[in-house]
Amino acid sequence: MTDLTRRDVARALLAVPSGVALVALPDLRRAMFSAGNPLSLRFWDSAKATLGSIEAGVATVGDVQRWVESTGTEPILMTPSYFVWPEEDERGPVADEMFTRLVSYLEERVAAGEIDPDALAAGDQEARGAYEELQERWLSTPLADGRVPGFAVSDEQDEELFAAWDEEEAFALSELRRIVEGLPKQPALPAEALAAAGARLRALLALPGYPANVLRACAGFDERPLPDDDGELWLAVAAGIAGPVSDLSDSGDVLEEFADLDGELRLEDTALANLCAIQHADWLAGVAALARMGPGVLASPERMARLIAESEDIDAEAQDVDDLDATEGMFASVVSLWAYLGIVDEGDVLTPLGWWGLPKALERAWSPAAD
């Protein structure tokens, strides 16, 4: 017990039911005292108060986290600069290493008297600020091997996220191909409609503002010229709606727009945010349903939400009204953009062009060659 830190004791107390921990607290305190590691009265009082709040059902997760952090050697879950440590069971090797390194560093600072755990436990704001600053500085300071802890953890999380995204996308692509191959009738290329849609699209993309700016961003045409072939142009834009290639150009943005937190988002910002929020499974379910039913089926935002909720192509639990409303809201942006490409008509009804092109556009968006 001589080597146990406040953090060790706090974590051990939280690892058992709060009632059990409260009963064991006096004996644990006496044992620590006998071992020559008495900790402090402030710590034991804070432990009793926190465990009592947990037992009474009034302590929040934040309260408990703050208490563990007040031990002086527990890294802050979220720093003032918004660096967030992954949950313990979700940390990769790099995050686990950096977390352990920081705990050791904080232990050294406590031993050196640079961190006052009693002041932290008492809620001293100045001590808390110094504690946060110390960790911020460590996270942004290169280690001997050149790695910057905060960046190293973030990079690992990004890699894990991208890997999971790629895996989900690959599965969705295989399912899409399976569904399309199983269609009793394959849609024919509506050449005349595609040519007309291509001409309209070229004229539209030359205009400023919405929806041209969103469609250009989706297809990545802010950074490269339009293709000469109408089919290539149409598929690039249709695929971009399902998997936006880039963000909106910020040339028209001003600082005041970002500072006004109470202001409404621009139509183009809302549209692009909705497109990016739609999951692979929802795209798969919606487009698969339209492909099976063929041209002439209603593809309104409300209908799309219902088709997705009732789909047998994805594993989805029963959705409540809020889920349906959220899906409908996101597909409101999709369907409005589909109309500019001739995927749906003015009544939100799927066209022969949409029937032919949507599966191809989705396959293009999810294929590695499209990256």
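Basis for what follows: all heavy atoms, side chains included, without hydrogens, waters or symmetry-related copies.
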Check for me, please, whether [X] and [Y] land in the same ILVMFWY cluster - side-chain distances under 4.5 Å, paths through other members count.
X      : Y      : value
Leu226 : Leu207 : yes
Val103 : Leu143 : yes
Val153 : Leu77  : yes
Phe151 : Trp85  : no

Problem - Geometric cation-pi criterion, Arg200 with Tyr340: 6.0 Å, 45° - result: no
Residues [X], [Y]: salt bridge by 4.0 Å N-O rule:
X      : Y      : answer
Asp118 : Arg6   : yes
Asp348 : Arg303 : no
Arg128 : Glu132 : yes
Asp45  : Arg42  : no
Glu175 : Arg178 : yes
Glu133 : Arg137 : yes
Lys48  : Glu55  : no
Glu97  : Arg91  : no

Spatial distance of atom [atom1] ([X]) from atom [atom2] ([Y]) [nearest 0.5 Å]:
X      : Y      : atom1 : atom2 : answer
Leu201 : Leu233 : CG    : CG    : 4.5 Å
Trp138 : Arg101 : CH2   : CZ    : 7.0 Å
Asn37  : Asp8   : CG    : CG    : 9.5 Å
Arg306 : Thr327 : CZ    : OG1   : 10.5 Å
Leu183 : Met293 : CG    : CE    : 11.5 Å

Return the orientation label for the Trp338 and Trp283 ring planes: parallel under 30°, perpendicular over 60°, tilted otherwise. tilted
Any donor-acceptor pair under 3.5 Å linking the side chain of [X] with the backbone of [Y]?
X      : Y      : value
Ser367 : Glu363 : yes
Ser46  : Phe43  : yes
Glu156 : Val94  : yes

Check: Under 3.5 Å, is there a donor-acceptor pair linking the side chains of Thr73 and Glu107?
Finding: no
